[in-house]
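Sequential numbering from 1 along the given sequence is applied to the chain's residues. All values reported here derive from a predicted model rather than from experimental measurement.
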Amino acid sequence: PDTALLVQGDTVSEVAASTLKPGDIVLIKSGQKVPADGVVTSGFASIDESMLTGESIPAEKEADSPVTGGSICTNGAVYAKITRTGSDTTLAKIIKLVEDAQAKKAPISRLADKVAGIFVPAVIAIAIIAAVVWAIAGQDISFILRVFTSVLVIACPCSLGLATPTPIWVGTGLGASHGILIRSGEALEPAHKTTAVVLDKTGTVTTGAHSVMRIVPAACSEEELLSIT
């Protein structure tokens with residue numbers, strides 16, 4: 001959030017969230033976002049931490065409970081002591097993780113760089129040889145330049161070096177916007193081979209409202225099983 005409610009003695013004033021320092025006490029009301037990482041000093045509230053944990057059910061917070069910057073207070077109000085601000089917050093570290101993943105090269109990108117490192121000098125050499133041959137053959141300078149640039153532009157593998165990093169940037173950015181953090185290109189590249197995903201809890205992939213999808217009785221019909229009260 002852009003602003004926060006700073007508590008100073010008996011007064012509560014609205015200040016820019018960027019001016020908060022570790023040790024400051026802030027008031028977080030229902031409907032407001034937590035301005036930075038901190039610890040609850042007093043009060044009780046339900047805080048939606050789905051942006052961090054994926055859990056759709058708000059977590060109950062009371063004295064000594066940690067709160068994360070960017071999460072939303074859905075009910076109640078708490079006073080919290082700020083412990084981390086700026087680049088030290090959990091949200092800032094997540095953003096840094098995504099940026100690092102986009103900066104790291106996947107194995108296929110490194111392979112493309114190696115190929116380009118050999119292929120580019122070879123193409124330049126071929127273009128120069130073609131130009132020299134046509135110059136010896138007595139062609140004019142405009143023809144020689146056309147041959148030289150044609151070989152250089154058509155054969156140069158610049159698209160190889162550009163095409164391989166692009167999916168990494170797009171994949172990690174799109175994943176982050178959907179709450180999926182990809183640590184690196186090395187982790188993303190083999191993801192297409194995934195055949196099963198194991199999750200530690202259902203709250204991360206559901207809305208928290210469960211329903212019966214199928215009934216498989218062991219020793220009776222479905223109607224008989226449902227008639228039992």
Side-chain angles (χ1 to χ4, degrees), residues 1 28-80 83-84 89-102 104 106-109 164 166-229:
I28 306 167
K29 297 181 179 179
S30 178
Q32 292 182 331
K33 287 185 177 181
V34 180
D37 292 359
V39 177
V40 175
T41 57
S42 62
F44 181 85
S46 297
I47 295 183
D48 181 359
E49 296 182 326
S50 58
M51 68 97 185
L52 180 65
T53 63
E55 289 286 2
S56 56
I57 300 175
E60 295 181 346
K61 300 292 182 179
E62 54 187 11
D64 297 328
S65 297
V67 290
T68 306
S71 54
I72 304 172
C73 180
T74 59
N75 187 31
V78 292
Y79 290 91
T83 56
R84 294 191 297 268
T89 62
T90 302
L91 186 59
K93 290 178 180 179
I94 291 174
I95 295 172
K96 182 67 166 57
L97 180 67
V98 175
E99 291 175 344
D100 289 344
Q102 292 178 329
K104 290 180 180 178
I108 189 66
S109 296
T164 46
T166 303
I168 305 297
W169 303 334
V170 175
T172 52
L174 192 61
S177 67
H178 287 80
I180 301 171
L181 296 181
I182 301 168
R183 295 184 64 87
S184 64
E186 289 87 346
L188 178 62
E189 185 175 323
H192 71 282
K193 299 178 182 178
T194 302
T195 57
V197 179
V198 180
L199 303 170
D200 62 340
K201 50 190 177 295
T202 58
T204 54
V205 291
T206 67
T207 59
H210 307 299
S211 61
V212 177
M213 298 296 293
R214 187 180 175 197
I215 299 173
V216 184
C220 62
S221 67
E222 183 178 326
E223 291 73 17
E224 289 174 337
L225 181 61
L226 292 175
S227 66
I228 299 173
T229 60

Val67 vs Val40, side-chain contact (heavy atoms from CB on, under 4.5 Å): CA-CA, chis, key distance, verdict = CA-CA 7 Å; Val67 290; Val40 175; 3.7 Å; yes
Check: Pro35 and Ile28 side chains under 4.5 Å, non-hydrogen atoms = yes
Evaluate whether atom CD of Glu60 has more than 12 neighbouring non-hydrogen atoms of other residues, nucleotides or ligands under 6.0 angstrom away.
-> no
Could you give the distance from CD1 (Ile47) to CD (Gln32), rounded to the nearest 0.5 Å?
-> 11.0 Å
Do Lys61 side-chain atoms and Pro66 backbone N/O form a donor-acceptor pair below 3.5 Å?
-> yes
Whether Thr89 side chain and Asp37 backbone form a donor-acceptor pair below 3.5 Å | no
Once you round to the nearest 0.5 Å, how far does CD1 of Ile215 lie from CG of Leu225?
-> 6.5 Å
Please round to the nearest 0.5 Å and tell me the distance separating atom CD1 of Ile95 and atom NZ of Lys93.
-> 13.0 Å
Could you tell me whether a side-chain N or O of Ser46 sits under 3.5 Å from a main-chain N or O of Thr74, the two making a donor and an acceptor?
-> no
Output the distance between atom CD (Glu49) and atom SG (Cys73), rounded to the nearest 0.5 Å.
-> 11.0 Å
Approximate separation, where rounding is to 0.5 Å, of Lys193 NZ and Thr195 OG1 | 12.0 Å
